[in-house]
Amino acid sequence: MPVAILLPVIGQCYALPMKADAASLLERARHAYGQRAWADAFELLRATDAITPLGAEDLERLLWTAGMLDRDQDIFAAGERLFNMHIEAGRDDQAAYWAFFRGFRLLTLGEEGHATAIIQQAQRLADGVGRECAAHGYLMLLSAQKELMTGNDPASEALARQALAIGERCSDMDLIAFARCYLGRALVRQGRVEEGIASLDEAMLPAADGKLSPIVTGLVYCNLIAACRQVYAFDRSREWTEALSNWCGAQPQLVQFNGVCLLHRAEIMELNGAWQDSIVEARRATRSLAHSSGNEAAAGAAYQEAEIHRLRGEFAAAEDLYRTASRLGLEPQPGMALLRLMQGRAEQAAATIRRVLATTKAPLGRARLLPALVEITMAAGAVDEAREACEELETIAIRFATDILAAMASQARGQIEFAGGDAAAALGHFRTALTTWQRAGAPYLEARLRVLAGQACRMLGDEDGSELEFEAARSIFTALGAAPDLARVDQLIRPTTSPSHGLTRREIEVLGLVATGKTNRLIATDLGLSEKTVDRHLSNIFDKLAVNSRAAATAYAFQNGLL
């Protein structure tokens, strides 16, 4: 059959003669596939298939190349052909696998009705084989995934272990690696972090050695990085994000996974303090994901860029991107609530973060939100609520036992102690958290802790100590371009002899005790004053700050560095 095709191959072209030799085309296709030149392999395989239908192995190659190029229509077409090919040959175990694969992909696209029908077909075929086959293990992983999504982590662990055993008995490397991923995630969610990460690491061994199919390799990378991020294992996240970046970089024609890789890189860059680079990577991720079939990663890229704009004080840009993330299906929290706090809308921020926490049940999901709840409710004057949030965060940190979670809990506890007037205890907690953030290489979070430590030093009468902490924080905020934090620390450094708020030292003392939730009578006892004098001080505070409630006065104090 006459064929005239022009195919691009990394800066050059394959010019096919009118009488193309199918064997030569197939040899080129297999070579391109081996070199992970996915676009070239895809076109060459399609050209070969137009001359003579591909055999099972080469049809699989066509499917994997379509997958790496994120071409769902071609994935399903090749998958259906493989299914029919194996049915006709009486290989029902292989047919069951390809039915599973199509159903699994449909589930990720949200087509649950169609997916359920195909998965049921896969189950019937596998059960009809009369012996154990790899398809049984893959189908078991779908059940494990369902249990993970509903929070039944022990059941998910049990199913993943069964699937792993099937993979080992059937010598299916993809199934073994996939099962280890699900097992690792289930273990991590139960607080067995080291055991879970070890399972995920083990899944990476065949991936790193090139022993897995291309799609499963990418999924293993993503599962491992997601689990590390979930428990704040930043060193591991950096390590595996770099590995994923190298893997993607070695495949210039890759479409699938490339956007997710860029998103992970953007997150690491934010942590490292390379904020402008983080924005660049987030925008690259957005462009890469523009034609993606799923919105989750695109929403994550929008949220990531919004976070940098918020920290730099570019509030309008931040809000637009949070809204974009929301439209794409991502709850833009705690970022948007913290934006409202920075805009002076503490009550709105508190209402938002409470609403999200009310529907978040998983402990690690709550751990991501609780530090924001502590900060926001402290600003809103709800100290008791902040204390409860701190206690819950401490419980989660003990259960999952990672350094970063412990640092988050220490910081929250320090804020509670500081609000209660125990600056010495607060400073100890701030120092503990500060050391962890320094080790983690997170300059912005380090600077935030230095501000808190400086405030504690000032409350203890150590002006030299507070000055050192404030100046160190100021240097970091300046380098990062963190305008709101820079303005706040400048206000703290400003001499207290001429405060812009007009409060006297005694009024600040009274305000500090108000922030702890104490009544006027208790404040009078603590300061050795009459209750009438405390009433007068509080009236003066309201007048000077132009507020009309204890909560509003407390919010002003925290937002403006008075406490």
Side-chain angles (χ1 to χ4, degrees), residues 1 3 5-10 12-14 16 20-89 91 93-106 108 122 134-135 138 170-178 206-221 247-258 293:
M1 179 172 62
V3 178
I5 303 174
L6 191 65
L7 301 171
V9 180
I10 315 177
Q12 59 184 354
C13 295
Y14 282 109
L16 303 183
D21 182 344
S24 175
L25 272 176
L26 187 56
E27 182 180 354
R28 293 179 181 182
R30 290 171 177 171
H31 177 73
Y33 184 91
Q35 297 298 309
R36 297 185 289 185
W38 305 116
D40 301 335
F42 178 76
E43 295 299 341
L44 286 163
L45 285 165
R46 282 210 308 180
T48 305
D49 196 41
I51 298 172
T52 181
L54 296 171
E57 288 188 8
D58 290 310
L59 193 52
E60 285 187 27
R61 291 188 177 97
L62 179 62
L63 183 145
W64 295 130
T65 57
M68 300 305 271
L69 296 170
D70 201 20
R71 299 175 63 113
D72 278 316
Q73 185 175 351
D74 294 299
I75 292 171
F76 288 124
E80 187 170 1
R81 286 177 61 188
L82 281 164
F83 173 81
N84 292 328
M85 186 180 293
H86 289 300
I87 286 289
E88 291 170 6
R91 295 188 292 264
D93 57 337
Q94 292 296 311
Y97 168 77
W98 288 111
F100 152 81
F101 181 88
R102 288 158 59 214
F104 181 78
R105 183 59 181 166
L106 285 166
T108 65
Y138 285 106
C170 295
S171 300
D172 189 309
M173 291 301 296
D174 277 2
L175 176 55
I176 291 169
F178 223 173
D209 291 340
K211 295 179 180 178
L212 304 180
S213 60
I215 294 292
V216 173
T217 299
L219 290 174
V220 170
Y221 269 117
W247 183 72
C248 292
Q251 305 169 74
Q253 297 176 357
L254 180 67
V255 176
Q256 187 72 271
F257 304 114
N258 195 45
S293 54

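What you see below is based on every heavy atom in this structure, not just the backbone, and it leaves out hydrogens, waters and symmetry mates. Predicted model only: the values in this text are computed from it and were never measured.
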Where [X] and [Y] come nearest, the two heavy atoms and their spacing:
| X | Y | answer |
| --- | --- | --- |
| Arg102 | Gly79 | CD-C, 3.7 Å |
| Thr48 | Ala22 | CG2-O, 3.9 Å |
| Ala29 | Leu44 | CB-CB, 3.6 Å |
| Leu54 | Leu45 | CD1-O, 3.8 Å |
| Pro206 | Met173 | CB-CE, 3.5 Å |

[X] [atom1] to [Y] [atom2] distance, which is reported to the nearest 0.5 Å:
| X | Y | atom1 | atom2 | answer |
| --- | --- | --- | --- | --- |
| Met68 | Asn258 | CE | CG | 10.0 Å |
| Gln35 | Asp40 | CD | CG | 10.5 Å |
| Gln94 | Leu82 | CD | CG | 9.5 Å |
| Leu219 | Phe257 | CG | CZ | 4.5 Å |
| Phe83 | Phe100 | CZ | CZ | 14.5 Å |
| Arg91 | His86 | CZ | NE2 | 5.0 Å |

Tell me every residue that passes side chain to side chain contact (heavy atoms under 4.5 Å, CB included) with [X], counting only those two or more places apart in sequence or in another chain.
| X | result |
| --- | --- |
| Ala41 | Ala32, Tyr33, Thr65 |
| Glu27 | none |
| Val216 | Asp174, Leu212, Ser213, Val220 |
| Arg36 | Trp38, Trp247, Ala250, Gln251 |

Side chains of [X] and [Y]: does their closest heavy-atom pair fall under 4.5 Å?
| X | Y | result |
| --- | --- | --- |
| Arg81 | Asp49 | yes |
| Ile75 | Phe101 | yes |
| Trp98 | Glu80 | no |

Is there a donor-acceptor pair under 3.5 Å between the side chain of Ser24 and the backbone N or O of Asp21?
-> no
Is there a donor-acceptor pair closer than 3.5 Å between any side-chain N or O of Gln256 and the backbone N or O of Asp70?
-> no
All N/O donor-acceptor pairs, side-chain side in residues 55-63, below 3.5 Å, sequence neighbours left out:
residue	atom	partner	partner atom	Å
Asp58	OD1	Arg30	NE	3.0
Asp58	OD1	Arg61	NH1	2.6
Asp58	OD2	Arg30	NH2	2.7

Partners of Asp74 by salt bridge (Lys or Arg N to Asp or Glu O under 4.0 Å), sequence neighbours excluded?
-> Arg71
How would you list, by chain and number, every residue that makes a side-chain hydrogen bond (donor to acceptor under 3.5 Å, both in side chains) with Tyr138, sequence neighbours excluded?
-> Asp172
